[in-house]
Each structure stands twice: as structure tokens, then as C-alpha cells.
J.: 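Quick one: this structure, given as C-alpha cells, is what I'll be asking you about.
Start at 1 with the first residue, then count along the sequence.
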Amino acid sequence: MNLRYIIILIFALASFGVGYSQEGSSAYSFLEVPSSSHALALGGTNPNVIDDDINLVEQNPALLGPEIDMQVGFNYMHYLGSSNFAGVRYGMAAGERGAWSAGIQYLGYGSMQQTEVDGSVVGNFSPQDVVFSGMYSHDFTDRLRGGINVKLIYSSYEQYTAFALATDLGLNYYDEERDMSLSLVIKNLGGQIKRFDQAYDRLPFDIQLGWMQRLGSSPFQLSITAWHLNKWSLPYYTMEDNGSEVRILKESFMSNLFRHLVFGIQYAATDKFYIALGYNYKTRTDMSTYNRNFLSGFSAGVGLKVKSFAFSVSYAQPHKAGSSIMLNLSTNLYELLRR
């Protein structure tokens, strides 16, 4: 069977799993942390950015293409507290209309104390997650591309270990003349193969729609991403203004609407340089219980390409006690070896 029909069939079957996948809670929220500094700069999630950057394809497997031939990318992120994430990904063309990619992502959360029920400290342990992924994309037409990403997830938390299998499905429509990108992504279909204990933990299933458009003939591009579309109600807690420890549940039509939306804008006069700024209202309101600051929900970053190398950095500060900084580096091995 032709691969394009297989991908279409998977999309059709995925619709039957939506209701099942969104039930229950998730123990795999780290899958929502981006490994692309460009995506982090634009609000933390962005399946729409058209750029020949191998680090972006984890946002949407349909962003992978033959233009990312023999490209390798590295990412590092100092996350909140003592958490450090790092990974590497390689991409290669598969004919004129296809491409494949493989990657590994490591997420370490630092050293933690191991305690007994009575609170006595008996040692230390270092929890970690590792994600192995394989990706394929195919150009259906000159403007429409589809992709699939399969992820094997290993988690080790002290004496407990677990395995899970997840699949991302993506579509991207790109009109080069108008510099307009439209995307649909279904993320984290799948489940646990081996449980931590008796309880079954679900994956953070998500449906995303995205749009990115150049504003006329200017060097500015506007991006809007709608995420968590499989669930409308996204309530959150905030603290009372009197300084007490009482939490108040917040939920309204407008708060639900904006918690589903991520906004981004970038300045990109050429394909060699960009400056990006993002705003994620969900991140800001999620931090309302934890002494957020003015920068909560905002993120920013820059990217630069010099010869065979591309470098980018982004920064976000969700609350006063912690911030995150991400670095990306990528290079084309063919161009590098040819020099």
C-alpha cells in the first residue's frame, strides 16, 4: 500500500481514539516541553514555523522534509530547578518527496532525597526520562505534507520504571507565495507498555491547530496556535488577594478561550536571522498560584545562521523562583564535509 494512504488511514483511525485518550490524568507532562528554542521563543508550542531546522520537527512531523537532508541538530535546556534536558536528532531525505529522522531526548531532574514514610532520609536518587523517536514525512502535493512520529519512552524514578509508546501525526499546508503556514497535529496517541506500579498513567494527548502568516510585505510574521483542543474546560487556581493561602478556582468562557491559544510574533527579514517573542496565557495562569512575576507566560529568542551552522537561544521565566534557557545548534553534514 502507498505510504500516503497509510498516513491518511492512521489519521482516520486516530479519531476513534480521541475519547479514550483524553480520560484520566497524565504522568508524562514532560512530553509537552519543547526541544526547539525557536518553538520556545514563540510561546512554547508552535507546529507552524517553516524553516529548514531539524530541531523544529518535534513540534510537527510534517515540518520534516527533503530540505533537511543530512542535517544534525543538538539541543540543551536548563529547566526549572536543577533539571537539565538534552538531545540530538538527525534527518535525511528519502527520495524527492520524503524524509526520515531519528532522535533521542534525555530529561534529567537532578538529585532528590529518598525518604521513608516517617520522613527519615535514606539516600538520594536521580529521576530521568529518555525518549527515542523515529519520524517519516511525505509531500502529498507541492503545498501539503504529512508526517508521523513514533516515540518509545523510558522512565526511571528510583526503583520504579516504565515504558510507553506514543505517536504524533501531523499535516502542514504551506503557501510560499503568501508565506502562510497552516498545521494540524495530533500528539501522543498511545499508552503505557509497562506501568510504574498498579496504576495506569495516560499520555498527554493533544490536538493542535496552527496558523502563521507574514504581515504583508513586512519582515514580521504572526503566529497563533490552538492547543488542548480535545478538552474545552481548562480551569486553574489563583490565590486570594489578601495574602492568605486560600486557593480560588477560576473558570470562565474567556479564560478557557485564551488558555487554548498561544501567540507569537517574529522579525525575520532574511532566512539567516530572526528575533521571536511569544505569549502563553495558560503558562501565565498556571503560575498564578506560585508567585508568578511580570514575565510569566512570555518568552523570547533569537536565531542566526552562519555558513553551515545555525544557532539559536531562547529564554522564559515562568515564575520568580525559576527560569529556563534553551540552546540549539544544527549543521548540514554534507556542506560541512564538502568544505
J.: Do you know the tightest heavy-atom contact between S137 and L64?
T.: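 What the structure gives for the nearest pair is OG-O, 2.8 Å.
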J.: Would you kindly confirm whether I148 and Y90 end up in one hydrophobic cluster when ILVMFWY residues are joined by side chain heavy atoms under 4.5 Å apart?
T.: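 Same cluster.
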J.: Cut-off 3.5 Å, side chains only: do S37 and N55 have a donor facing an acceptor?
T.: no
J.: Counting distance only, does the side-chain N/O of Q266 pair as donor-acceptor with the main-chain N or O of I275 below 3.5 Å?
T.: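 No, Q266 side chain to I275 backbone: no donor-acceptor pair under 3.5 Å.
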J.: Under the salt bridge (charged side-chain N to carboxylate O under 4.0 Å, His left out) criterion, do E67 and R145 qualify, and how do the steps go?
T.: CA-CA 13 Å; E67 66 276 6; R145 177 182 292 168; 3.1 Å; yes
J.: Hydrophobic cluster membership, with links at side-chain heavy-atom distances under 4.5 Å among I/L/V/M/F/W/Y: are F205 and I193 in one?
T.: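 Both belong to a single hydrophobic cluster.
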J.: Test E251 against S233 for side chain to side chain donor-acceptor pair (under 3.5 Å), laying out the working first.
T.: CA-CA 8 Å; E251 183 177 17; S233 179; 2.3 Å; yes
J.: Quick one about R89 and S330 (side-chain donor to acceptor, distance below 3.5 Å, no hydrogens or angles considered), yes or no?
T.: no
J.: Assess the residue pair Y109 and F30 against the criterion (side chain to side chain contact (heavy atoms under 4.5 Å, CB included)); give the C-alpha distance rounded to whole Å, side-chain angles, the decisive distance to 0.1 Å, and a yes or no.
T.: CA-CA 11 Å; Y109 308 100; F30 61 86; 3.6 Å; yes
J.: Let me know which of Y154, Y106, Y157, Y28 forms a side chain to side chain donor-acceptor pair (under 3.5 Å) with D129.
T.: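 Checked Y154, Y106, Y157, Y28 against D129; only one passes side chain to side chain donor-acceptor pair (under 3.5 Å): Y157.
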J.: In Å and rounded to the nearest 0.5 Å, what is the CG to OG distance from L277 to S299?
T.: 6.5 Å
J.: If you round to the nearest 0.5 Å, how far is CG of N280 from CG of N46?
T.: 11.0 Å
J.: Could you pull out the closest heavy-atom pair between I186 and L189, with the gap in Å?
T.: CG2-CD1, 3.7 Å
J.: Within the 3.5 Å criterion, strictly below it, is a donor on S183 or Q208 matched to an acceptor on the partner's side chain?
T.: no
J.: Report yes if the side chains of Q221 and D179 come closer than 4.5 Å at any heavy-atom pair, otherwise no.
T.: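 Counting from C-beta outward, Q221 and D179 do come under 4.5 Å.
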J.: Can you confirm whether Y174 sits close enough to R143 that some side-chain heavy atom of one is under 4.5 Å from a side-chain heavy atom of the other?
T.: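 No, their side chains stay 4.5 Å or more apart.
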J.: If I take atom CG from residue D206 and atom CH2 from residue W227, how far apart are they, to the nearest 0.5 angstrom?
T.: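 That separation rounds to 7.5 Å.
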J.: Does a side-chain heavy-atom distance below 4.5 Å link T141 with L144?
T.: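 Touching, per the 4.5 Å side-chain cut-off.
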J.: Of all heavy-atom pairs between L261 and A226, which one has the smallest distance, and what is that distance?
T.: CD2-CB, 3.9 Å
J.: Tell me whether V262 is reachable from L184 by hopping between hydrophobic residues (I, L, V, M, F, W, Y) whose side-chain heavy atoms are closer than 4.5 Å.
T.: no
J.: After noting the C-alpha distance and the side-chain angles of T331 and Q71, does the key distance pass the side chain to side chain contact (heavy atoms under 4.5 Å, CB included) rule?
T.: CA-CA 6 Å; T331 185; Q71 190 178 134; over 6 Å; no
J.: Is the distance between the ring centroids of Y274 and H38 under 6.0 Å?
T.: yes
J.: CG/N48 to CD1/I50 distance, rounded to the nearest 0.5 angstrom?
T.: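 That separation rounds to 8.0 Å.
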J.: Heavy atoms, side chains only, cut-off 4.5 Å: are D53 and I68 in contact?
T.: no
J.: Is the shortest side-chain heavy-atom distance between R97 and H138 below 4.5 Å?
T.: yes
J.: Kindly say whether the aromatic ring centers of F298 and Y279 come within a distance under 6.0 Å.
T.: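 Yes - the distance between ring centres of F298 and Y279 falls below the 6.0 Å cut-off.
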J.: Indicate the ring-plane relationship of F258 and F263, choosing parallel, tilted or perpendicular according to the 30° and 60° boundaries.
T.: tilted
J.: Just so I know, are the side chains of Q213 and R178 near enough to count as touching, which here means a heavy-atom distance under 4.5 Å?
T.: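 A side-chain contact under 4.5 Å exists here.
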J.: Looking only at heavy atoms, what is the nearest atom pair of S133 and N149, with distance?
T.: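 Nearest heavy atoms, S133 then N149: CB-OD1, 3.5 Å.
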J.: Picking from F163, F196, Y160, what satisfies side chain to side chain contact (heavy atoms under 4.5 Å, CB included) with S155?
T.: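 Testing S155 for a side chain to side chain contact (heavy atoms under 4.5 Å, CB included) against F163, F196, Y160 leaves exactly one candidate, F196.
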J.: Is there a continuous path of hydrophobic side-chain contacts, each under 4.5 Å between heavy atoms, that joins I54 to M135?
T.: yes
J.: Cluster question for you: counting only ILVMFWY and a side-chain heavy-atom cut-off of under 4.5 Å, with indirect links fine, are L42 and F273 together?
T.: no
J.: Verify salt bridge (charged side-chain N to carboxylate O under 4.0 Å, His left out) between D168 and K151, making sure each step is shown before the conclusion.
T.: CA-CA 8 Å; D168 300 338; K151 298 177 285 190; 3.0 Å; yes
J.: Distance check, rounded to the nearest 0.5 Å: W211 atom CH2 versus L209 atom CG?
T.: 13.5 Å
J.: Any heavy-atom pair between the side chains of Y315 and S323 that's under 4.5 Å?
T.: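 In short, these two side chains touch, coming nearer than 4.5 Å.
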J.: Determine whether R214 and D175 satisfy the following criterion, salt bridge (charged side-chain N to carboxylate O under 4.0 Å, His left out), listing intermediate values before the conclusion.
T.: CA-CA 11 Å; R214 184 172 296 276; D175 185 340; over 6 Å; no
J.: Restricting to non-hydrogen atoms, name the atom on P34 and the atom on M326 that form the minimum distance, rounded to 0.1 Å.
T.: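 Shortest heavy-atom separation between P34 and M326 comes out as O-CE, 2.9 Å.
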J.: Any chance you could lay out the side chain to side chain contact (heavy atoms under 4.5 Å, CB included) test for L63 and N172, step after step, and finish with the verdict?
T.: CA-CA 7 Å; L63 297 180; N172 176 260; 4.2 Å; yes
J.: CG of D286 to CG of L234: how many Å apart, nearest 0.5 Å?
T.: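 If we round to the nearest 0.5 Å, D286:CG and L234:CG are 9.0 Å apart.
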J.: What pair of heavy atoms forms the shortest contact from L203 to A166, and how long is it?
T.: CD1-CB, 3.6 Å
J.: Might you work through the side chain to side chain donor-acceptor pair (under 3.5 Å) test for T161 and K194, ending with a clear yes or no?
T.: CA-CA 8 Å; T161 61; K194 177 184 178 296; 3.1 Å; yes
J.: Apply side chain to side chain contact (heavy atoms under 4.5 Å, CB included) to the pair Y236 and R259, showing each step before the final yes or no.
T.: CA-CA 10 Å; Y236 66 97; R259 278 169 64 80; 3.7 Å; yes
J.: Report yes if the side chains of Q105 and E58 come closer than 4.5 Å at any heavy-atom pair, otherwise no.
T.: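 They are not in contact (no side-chain heavy atoms under 4.5 Å apart), so the answer is no.
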J.: What about the rings of F253 and W232, do their centers lie closer together than 6.0 Å?
T.: yes
